[in-house]
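Presented below is the structure to which this report refers.
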Amino acid sequence: MNEKYFPTEIEERQQQRWAEAKVFEANVDESRPHFYCLEMLPYPSGRIHMGHVRNYSIGDALSAYKRMTGYNVLHPMGWDAFGMPAENAAIKNNSRPDTWTFENINAMRAQLQRVGFSYDWRREIASCTPEYYRWNQWFFIQMFKKGLLYRKNATVNWCVKCNTSLANEQAEGGFCWRHEDTPVELRELEQWFIRVSKYADQLLDDLDTLEGGWPERVLTMQRNWIGRSKGAEVDFAIDNTIETGCETHLIRIFTTRIDTIYGASCMIVAPEHALIDELIASGKASDELKAFVEKQRATSKEDRIAEGTEKEGVSTGLFAINPFNGKKLPIWTANFVLTGYGTGAIMAVPAHDERDFEFCKKYDLPIVRVIKMTDSTEPHDAPVEAPFTAKDESGLLINSGEWSGKTVPEAIATMTAKAVEGGFGAAQTNFKIRDWGVSRQRAWGTPLPFIHCPTCGIVPVPEDQLPVELPKDLNFNTQGAPLAEHAGFVNVNCPTCGNAARRDTDTMDTFVDSSWYYFRYVDPHNTELPFDPKVAAYWTPVDQYIGGIEHAVLHLIYTRLWTKIQRDLGLITFDEPVKNLLTQGMVCLATARCEEHDWLNPTEVLDGKCKFCGRDAKIGRTEKMSKSKKNTIDPDEMINTFGADTVRLFMLFAAPPEKDLEWDDSAVEGASRYLNRVWRIVYKWHEKVSGVGVQVSEFSPSESSDAARALRRKTHQTIQRISNDIGQRMNFNTGVAALMELTNAIYDFDKKVDENNAGDMFALKEALEALVKMLAPYTPHIAEELWAALRGEGGHTDFVVVSAWPAFDAELAKADELEIPVQINGKMSGRVIVAAEIDDEALKQAVFNDEKIKAKIAERQIVKTIVVPKRLVNIVVK
RNA sequence: GCGAAAGUGGCGGAAUUGGCAGACGCACCAGACUUAGGAUCUGGCGCCGUGAGGCGUGGGGGUUCGAGUCCCCCCUUUCGCACCA
């Protein structure tokens with residue numbers, strides 16, 4: 001063992017030892033409990049960043065702890081390797097996306113290996129390889145056969161920068177998810193869709209089974225996104241279609257509040273509604289209406305409903321008949337009623353809906369109260385000051401004919417039944433979530449395995465011809481889709497009739513790749529199926545998934561969907577892929593900016609000045625490290641300076657995993673200082689304790705010195721604490737604090753130790769070994785090195801990273817005396833020292849015998865005494 | 001606007017069930033060792049006060065023998081949703 005700690009040297013050595021001994025390779029072993037620890041796979045952008053290091057340090061610490069506590073741990077890594085940047089790089093460098101991608105993968109793999117993560121690299125996958133993406137194609141064919149995949153003409157979100165269509169989820173708020181400054185355009189295209197609607201109920205309902213294992217806010221975001229609303233569709237007859245020459249005689253609305261139908265003041269249809277088209281075509285539309293509709297149609301959905309936009313509308317001149325009370329209601333069109341949700345038409349009930357209230361007030365439409373609060377004594381015709389919208393038992397129907405007096409839920413049920421009976425309505429559930437548009441007009445993605453035949457229509461590529469490989473010689477310097485312009489790819493004979501046909505030239509959304517990648521890890525070289533169901537049954541579902549909150553909706557909803565599809569294909573038997581989800585916080589740093597040179601990297605700021613021009617660098621707020629603001633720290637540089645162990649230790653110590661973490665150079669130095677401190681004390685003792693071959697049982701605590709007993713107590717208390725911190729709570733930061741305390745205790749003991757006392761030496765050996773073992777999840781390299789030293793030089797056959805976690809002995813952890821705080825009237829008034837095994841009565845006696853306490857109570861009258869066993873005494877006095 | 005989470009020393013954070021607030025670390029201060037230290041070691045370090053003592057977990061109220069923790073009101077920050085009928 002070297003006297004000095006040289007991190008990079010030992011890190012290289014230990015990484016090599018682990019690789020040679022294949023210590024992180026995991027195989028199915030029915031005799032052992034298994035644990036699947038998964039971290040979100042990175043996009044191979046070229047270099048790993050601190051966010052990756054944090055994410056993977058958390059997963060690695062958990063994996064190591066699980067391994068050491070007896071689990072067979074699956075801990076794999078791979079690459080989300082399809083996507084636009086590779087195509088852009090290919091254009092820029094006039095090369096190929098696969099070249100760029102694999103260079104990046106190689107560089108990033110080397111970086112990850114340098115951090116020393118315990119991955120089973122045999123299982124590595126890259127989604128851009130035909131071995132992987134053929135199974136995307138296989139899934140699509142199965143889904144096509146089951147009717148889960150279909151084509152339709154649809155208005156899609158189009159990003160001009162990506163030059164492709166986007167899924168609904170990728171165009172939230174009207175902007176491209178990759179280009180936040182680029183509004184999406186709407187284009188009409190024929191596209192492939194996955195029938196999410198068939199799973200919408202399950203996707204929502206199964207979220208309940210994830211309670212406790214997933215962060216509540218992720219569940220909320222998903223519930224929001226799926227957006228189920230149960231209600232009814234109701235047909236209103238149109239009264240005066242004859243005069244206007246319209247063909248349509250019914251207007252169908254969607255409502256969640258059929259119980260308020262007696263309070264409807266008007267009908268409102270979206271400006272895109274077919275009725276409007278018809279009315280305009282008939283020539284009976286007013287100029288005002290035509291102008292309004294034209295204006296609205298030229299306005300995007302986002303702008304129409306943007307914050308602060310006032311509700312606007314125009315009457316169509318048509319009237320509808322309320323099927324419940326025969327009332328004639330004017331039909332309007334308005335900006336806030338949207339096409340694409342429900343039926344694109346509503347009944348407006350101003351007394352019981354905020355939006356309708358605002359609208360009807362503005363246009364002087366009648367406001368009739370039809371629900372009152374159960375205990376309200378207000379007259380039924382009192383003016384409505386604000387809409388009453390509660391949908392529960394707190395509401396009773398009024399002014400509603402035969403339904404008056406029913407509670408809201410009763411009325412919803414019975415009035416829906418009435419509509420069904422009368423043939424003018426039905427219960428209906430709507431979802432905000434849409435079918436998943438998976439077609440992309442890009443070239444660096446999985447080709448869709450379908451052939452368009454003029455005779456046979458759409459024909460799936462026969463499974464024995466998979467994969468449909470991407471050509472290597474695509475031309476990316478084109479405005480169109482590169483695949484469509486590659487004749488060798490496009491032209492093909494129809495598998496059914498043999499005539500000339502065309503391949504589908506779209507590729508799949510890359511979220512397909514990440515929807516099932518972790519199933520592939522369990523059986524990554526299978527050539528018959530995506531994975532062997534028997535192997536998957538052993539490893540999956542994932543026990544712990546760790547990644548960023550940014551995937552709360554997109555990736556995590558797609559992968560839940562994919563799991564249900566795989567279940568229905570018979571590959572797996574469970575409903576949810578991930579039992580526990582940890583969303584780790586971001587790695588942040590203050591930004592710095594120069595008037596002249598814009599954003600500055602921390603290495604470009606010297607003494608608060610821009611290093612290029614010497615102007616003051618303006619320090620901005622702390623935010624997520626990002627390339628654009630240059631507030632990044634390069635993991636490689638940090639590893640060069642401090643070693644990987646220090647970087648990992650800092651990341652796990654500085655904040656609990658789910659919170660944001662601010663990079664702090666001084667605190668990193670502190671982590672490094674701590675490891676040096678551990679190194680020094682192990683160095684000092686390693687030779688002497690490696691010779692101590694004594695069994696625990698040979699020392700009864702009573703024979704040991706007080707100092708040895710105290711050290712052993714601290715050792716075992718630490719084992720208990722850290723097992724709970726890592727194993728139960730995943731609070732790695734408090735675990736580090738516990739290890740630092742143990743280290744401090746060892747240093748204290750070091751001052752008092754009697755080298756000739758076997759008990760002392762045993763306690764020291766035990767403490768050092770436990771410390772080194774418990775460091776292994778955090779800082780595996782130094783732990784491994786110190787472990788070897790403690791075991792005696794030359795005996796390098798075992799590995800601390802797969803050794804048994806130190807055993808906890810409750811007897812040894814127990815204190816033999818306690819310091820009990822004493823309160824008088826709830827205020828701290830002193831402490832008494834008592835034996836650990838004291839009962840309440842004896843504790844009380846000890847307190848009342850204490851001179852200080854006696855003096856404080858003095859003449860006062862004791863009302864009562866509260867004894868919290870072995871923790872605290874509170875004396876209440878008058 | 002709606003919903004969620006959070007607010008604790010100069011800083012990051014700890015306090016697992018209502019029971020010693022500030023563990024552990026960073027920064028800082030003093031000292032030791034040193035040619036030197038940005039190494040290491042020792043000690044100090046919530047605020048006010050010379051002191052005894054008092055105050056203290058965003059603010060205000062409450063429950064309790066006892067509240068950072070539970071309840072009510074308010075403020076601030078962050079995140080998510082935002083005319084979805």
d(CD1, A/Ile549; P, B/rA5) in whole Å: 13 Å
Interatomic distance at C1', B/rU69 relative to B/rC79, whole Å: 24 Å
Centroid-centroid under 6.0 Å between A/Phe424 and A/Phe324 rings: yes
A/Thr343 vs A/Ile866, nearer the 5' end of RNA chain B by closest nucleotide: A/Ile866
Minimum-distance nucleotide (side-chain atoms of A/Tyr341 versus B/rA27, B/rA85, B/rG80): B/rA85
Euclidean distance for P, B/rG1 against B/rC74 (whole angstrom): 12 Å
Pair of N/O donor and acceptor under 3.5 Å linking B/rC81 base with A/Asn224 side chain: no
Results of salt bridge (charged side-chain N to carboxylate O under 4.0 Å, His left out) for A/Glu312 - residues two or more places apart only: A/Lys295
Where protein sits on nucleotides 11-17 of chain B, one letter per nucleotide: B base, S sugar-phosphate only, - none, heavy atoms under 4.0 Å: -BSSSB-
Length of the line joining A/Glu550:CD and B/rG80:P, which is rounded to integer Å: 11 Å
Nearest to side-chain heavy atoms of A/Val337, which nucleotide of B/rA85, B/rC24, B/rG80: B/rA85
Polar contact flag, side-chain donor to acceptor under 3.5 angstrom, A/Tyr341-A/Ser229: yes
Rounded distance (Å) that lies between atom P of B/rC28 and atom CD of A/Glu669: 11 Å
Candidate nucleotides B/rC65, B/rG25, B/rC83, ranked by approach to the side chain of A/Asn874 - the nearest: B/rC65
Verdict with reasoning, A/Ser197 to A/Asp435, per side chain to side chain donor-acceptor pair (under 3.5 Å): CA-CA 6 Å; A/Ser197 47; A/Asp435 283 352; 3.1 Å; yes
Syn/anti label of B/rG13 as read from its glycosidic torsion, with the cut at 90° from 0: anti
Any N/O donor-acceptor pair, A/Arg304 side-chain to B/rC83 base, under 3.5 Å: no
Whole-Å P distance, B/rU57 and B/rG68: 7 Å
Partner set under salt bridge (charged side-chain N to carboxylate O under 4.0 Å, His left out) for A/Asp750, not counting sequence neighbours: A/Lys684
For A/Phe653, side chain to side chain contact (heavy atoms under 4.5 Å, CB included) partners two or more places apart: A/Val736, A/Ala737, A/Met740
Any N/O pairs under 3.5 Å between the protein and nucleotides 52-55 of chain B? List them or say none.
{"residue": "B/rC55", "atom": "OP2", "partner": "A/Lys827", "partner atom": "NZ", "Å": "3.4"}

Any A/Pro350 side-chain heavy atom under 4.5 Å of A/Lys361 side chain: no
Sugar-phosphate, base or nothing in reach of A/Lys870, heavy atoms under 4.0 Å: nothing
Between B/rG25 and B/rG31 - P atom distance, rounded Å: 23 Å
Nearest-Å distance once atom P is located in both B/rC70 and B/rC45: 31 Å
Selected nucleotide, minimal atom distance to A/Leu872 side chain, candidates B/rC20, B/rA85, B/rU42: B/rC20
Side chain to side chain contact (heavy atoms under 4.5 Å, CB included) partners for A/Lys752, two or more places apart: A/Ala707
Carboxylate-amine/guanidinium proximity below 4.0 Å for A/Lys311 and A/Asp356: no
Sugar-phosphate only, base, or nothing, as touched by A/Val868 at under 4.0 Å among non-hydrogen atoms: base
Salt bridge (charged side-chain N to carboxylate O under 4.0 Å, His left out) pairs, two or more places apart, involving residues 729-743 of chain A: A/Lys714-A/Glu741, A/Arg721-A/Glu741, A/Asp725-A/Arg729
Name of the residue among A/Trp679, A/Tyr683, A/Phe642 meeting ring pair (Phe, Tyr, Trp, His ring centres under 6.0 Å) with A/Tyr5: A/Trp679
Intra- and interstrand pairs of RNA chain B - dot-bracket, Watson-Crick/G-U under 3.5 Å, | marks other strand: (((((((..(((......[....))).(((((.......))))).(((....)))..(((((..]....))))))))))))....
Interatomic distance at P, B/rA36 relative to B/rG44, whole Å: 26 Å
Heavy-atom side-chain contact between A/Thr256 and A/Lys391 under 4.5 Å: yes
Interatomic distance, A/Met221 CE vs B/rC81 P [rounded to whole Å]: 6 Å
Residue list, side chain to side chain contact (heavy atoms under 4.5 Å, CB included) with A/Gln428, at least two apart or on another chain: A/Glu233, A/Phe254, A/Asn430
Integer angstrom distance from the P of B/rC72 to that of B/rA4: 12 Å
Salt bridge (charged side-chain N to carboxylate O under 4.0 Å, His left out) partners for A/Arg228, two or more places apart: A/Asp201, A/Asp205
Contact check, side chains of A/Tyr65 and A/Ser723, non-hydrogen atoms, under 4.5 Å: yes
Integer angstrom distance from the P of B/rG43 to that of B/rU8: 30 Å
Please write out the pairs of protein N or O atoms and N or O atoms of nucleotides 36-40 of chain B separated by less than 3.5 Å, giving the distance to one decimal.
{"residue": "B/rU40", "atom": "O3'", "partner": "A/Arg680", "partner atom": "NH2", "Å": "3.1"}

Sugar-phosphate only, base, or nothing, as touched by A/Gly227 at under 4.0 Å among non-hydrogen atoms: nothing
Sequence-distant partners of A/Asp353, salt bridge (charged side-chain N to carboxylate O under 4.0 Å, His left out), two or more places apart: A/Arg355
Nearest listed nucleotide, side chain of A/Leu338, among B/rA85, B/rC20, B/rG25: B/rA85
Interatomic distance where CG belongs to A/Leu843 and P belongs to B/rC20 [whole Å]: 15 Å
Spacing between A/Gln861 atom CD and B/rC65 atom P, to the nearest angstrom: 16 Å
